Engineer: 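Below you'll find the structure I mean.
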2 protein chains.
Amino acid sequence: MRLTRAGEYGIRCVQHLARHGKGTLVSRKEIAVRTDVPPHFLAKIAQQLARAGIIEIQQGANGGYRLLRDPSEITLLAVIEAIIGEISLNDCVGRPESCHNSPLCTVHRVWNKANQQLRATLQEADFATLAKEDPCCLTPFPETAGHNGPIGKK
Amino acid sequence: MRLTRAGEYGIRCVQHLARHGKGTLVSRKEIAVRTDVPPHFLAKIAQQLARAGIIEIQQGANGGYRLLRDPSEITLLAVIEAIIGEISLNDCVGRPESCHNSPLCTVHRVWNKANQQLRATLQEADFATLAKEDPCCLTPFPETAGHNGPIGKK
DNA sequence: CGATATAAGACTAAAAACATCTTATATATC
DNA sequence: GATATATAAGATGTTTTTAGTCTTATATCG
């Protein structure tokens, strides 16, 4: 009952892009290095984010990823569900024979409530707010302070 | 991000015992058959429930399990966490270097909120209430209607 | 065109979940 | 007390999911 690594990586990726703002192209390599995600794994995650309409992928030399929406319009829920699918805490709790197709089952109802709450909480959190309030992730970037990071590299 | 089978089985087990009431001895076999749980798997789950003080195990011939507490005092949360450990939706979301030990991270805070909500919701649900409200799991038992079920068997 | 970057999905490895099996121990009944 | 029966406890095996890598293809810049 935990978020998968892929889900966490997706959040890191969008978080990083959000700091650059909507529309800014950031190389996969930079994101991978800065967020500590295996590059090839990031590629797969990025494809899912792209399919969900959250980012756009630019191929070719000097390619990379860019946010399609403003960080304020991207929620934690959207990012997570783009990657792991719709959150579902329980398949069906209760005896299959009696409850499998019955949303009337009380245990089932508790899970549904919990599930809705969880999704609501994650939907309330957008990346603009997350970045604004966050005291621990606001390290400045190389390009604002000169150019010596892994971006140019050569 | 789903409840494990073991967790679900634990709920079924307690649910079944709850219908018999606190203190009533029910054989593992009956529970396994009636809740559609593999007997050996149930044994393992029962041991965890016993360690958590929810049920008591009686060994030997005509042994079985019995509830130690009144169903009204047993919550979904207690049963689930007895089996899968304390619910933790995220280990730590955010970059490990910057946020791993920082509960200040906003993303982290969202997860903590979601986690608390989830646990609270599951804690509100006790098995007496669950059974009372439940229209789909209230089939009568053999021993109230005579004796022909798998209990005696011979 | 060639260098470089990502696309897409096949493939592998590791971990977790799920389930069973074996040996030991406890208890009721005879 | 011996025997049959039921669970204890954990070793073992299987399957599924997660995590990560690799390869071939494609797109873009210079």
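Here the structure is a predicted model, which means the values were calculated and not measured. Residue numbers start from 1 in every chain, and the chains themselves are labelled A, B, ... in the order their sequence lines are given, proteins ahead of strands.
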Engineer: Per the ring-ring contact (aromatic ring centres under 6.0 Å, His included) rule, what does the pair list look like for residues 27-47 of chain A, sequence neighbours excluded?
Structural biologist: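 As it turns out, the ring-ring contact (aromatic ring centres under 6.0 Å, His included) pairs with a partner in residues 27-47 of chain A, which skip direct neighbours, are A:Y9-A:F41.
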
Engineer: Of B:A6 and A:Q47, whose closest DNA chain C nucleotide lies nearer the 5' terminus?
Structural biologist: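 Result of the comparison: A:Q47.
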
Engineer: Just the rounded figure in Å: distance from P of D:dT7 to CD1 of B:I45.
Structural biologist: 14 Å

Engineer: Given D:dA8, C:dT20, C:dT6, which nucleotide is nearest the side-chain atoms of B:P38?
Structural biologist: C:dT20

Engineer: Calculate the interatomic distance between A:E8 atom CD and D:dG20 atom C1'; express it in whole Å.
Structural biologist: 15 Å

Engineer: Before giving the answer on side-chain contact (heavy atoms from CB on, under 4.5 Å), spell out for B:I31 and B:V37 the whole-Å C-alpha distance, their side-chain angles and the decisive distance to 0.1 Å.
Structural biologist: CA-CA 8 Å; B:I31 300 171; B:V37 173; over 6 Å; no

Engineer: For C:dA17, does OP1 or OP2 lie under 4.0 Å from any side-chain N or O of B:R5?
Structural biologist: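 Indeed not, no polar side-chain atom of B:R5 lies that close.
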
Engineer: Are side-chain heavy atoms of A:W111 and B:T121 found at a separation under 4.5 Å?
Structural biologist: no

Engineer: Closest nucleotide of DNA chain D for B:R51 versus for A:R2: which of these residues is on the 5' side?
Structural biologist: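 Between the two, 5'-proximity favours B:R51.
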
Engineer: Verify the contact: side-chain N or O of B:Y9 to OP1 or OP2 of C:dA19, cut-off strictly under 4.0 Å; return yes or no.
Structural biologist: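 It does, given that an N or O in the side chain of B:Y9 lies less than 4.0 Å from OP1 or OP2 of C:dA19.
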
Engineer: Over how many whole Å does the gap from B:E56 atom CD to D:dT7 atom C1' extend?
Structural biologist: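 Result: 13 Å.
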
Engineer: Please examine the side chains of A:N90 and A:H108, heavy atoms only from C-beta on, and report whether any two atoms are closer than 4.5 Å.
Structural biologist: yes

Engineer: By the salt bridge (Lys or Arg N to Asp or Glu O under 4.0 Å) test, which pairs, at least two apart or in different chains, include something from residues 54-79 of chain A?
Structural biologist: A:E56-A:R66

Engineer: Figure out the OH/C1' separation between A:Y65 and C:dA8, and round it to whole Å.
Structural biologist: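 Taking atom C1' of C:dA8 as the reference, OH of A:Y65 is at 12 Å.
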
Engineer: Nucleotide by nucleotide, 5' to 3', does protein get under 4.0 Å of the base (B), only the sugar-phosphate (S), or neither (-) in nucleotides 22-30 of chain D, counting heavy atoms?
Structural biologist: BB--BBBS-

Engineer: Within the modelled atom types, does a donor on one side and an acceptor on the other bring the side chain of A:K44 and the base of D:dG20 under 3.5 Å apart?
Structural biologist: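 Answer is yes: a donor-acceptor pair is held.
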
Engineer: Applying salt bridge (Lys or Arg N to Asp or Glu O under 4.0 Å), name anything that partners B:K113, two or more places apart in sequence or on another chain.
Structural biologist: A:E124

Engineer: Calculate the interatomic distance between A:L42 atom CG and D:dT18 atom P; express it in whole Å.
Structural biologist: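 Those two atoms, CG and P, are 19 Å apart.
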
Engineer: How many Å lie between CE on A:M1 and C1' on C:dA16, as a whole number?
Structural biologist: 16 Å

Engineer: To the nearest 0.5 Å, how far apart are CZ in B:F127 and NE2 in B:H16?
Structural biologist: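 NE2 of B:H16 is found 13.0 Å from CZ of B:F127.
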
Engineer: Report yes if at least one side-chain N or O of B:R28 is closer than 4.0 Å to OP1 or OP2 of D:dA6; otherwise report no.
Structural biologist: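 B:R28 to D:dA6 OP1/OP2: no side-chain N or O under 4.0 Å.
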
Engineer: Between C:dA5 atom C1' and A:L25 atom CG, what is the distance in whole Å?
Structural biologist: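 Atom-to-atom, A:L25 to C:dA5, this comes out as 11 Å.
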
Engineer: Looking only at heavy atoms, which two atoms of B:I54 and B:A82 are closest? And how far apart?
Structural biologist: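 Looking at all heavy atoms of both residues, the shortest contact is CD1-CB, 4.1 Å.
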
Engineer: I need the minimum non-hydrogen distance between A:Q123 and A:T75, along with the two atoms involved.
Structural biologist: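 Looking at all heavy atoms of both residues, the closest pair is O-CG2, 3.1 Å.
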
Engineer: Which whole-number value in Å describes the distance from A:I80 CD1 to D:dT18 C1'?
Structural biologist: 17 Å

Engineer: B:R28: what forms a salt bridge (Lys or Arg N to Asp or Glu O under 4.0 Å) with it, not counting sequence neighbours?
Structural biologist: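 Testing B:R28 for salt bridge (Lys or Arg N to Asp or Glu O under 4.0 Å), a comparison that skips the adjacent residues, returns none.
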
Engineer: Report for the helix from C:dC1-D:dG30 to C:dC30-D:dG1: angle between first-end and last-end helix axes, five pairs each, rounded to 10 degrees.
Structural biologist: 10°

Engineer: Considering only side-chain heavy atoms of A:I57, which listed nucleotide, C:dA7, D:dT21, C:dA17, is closest?
Structural biologist: C:dA7

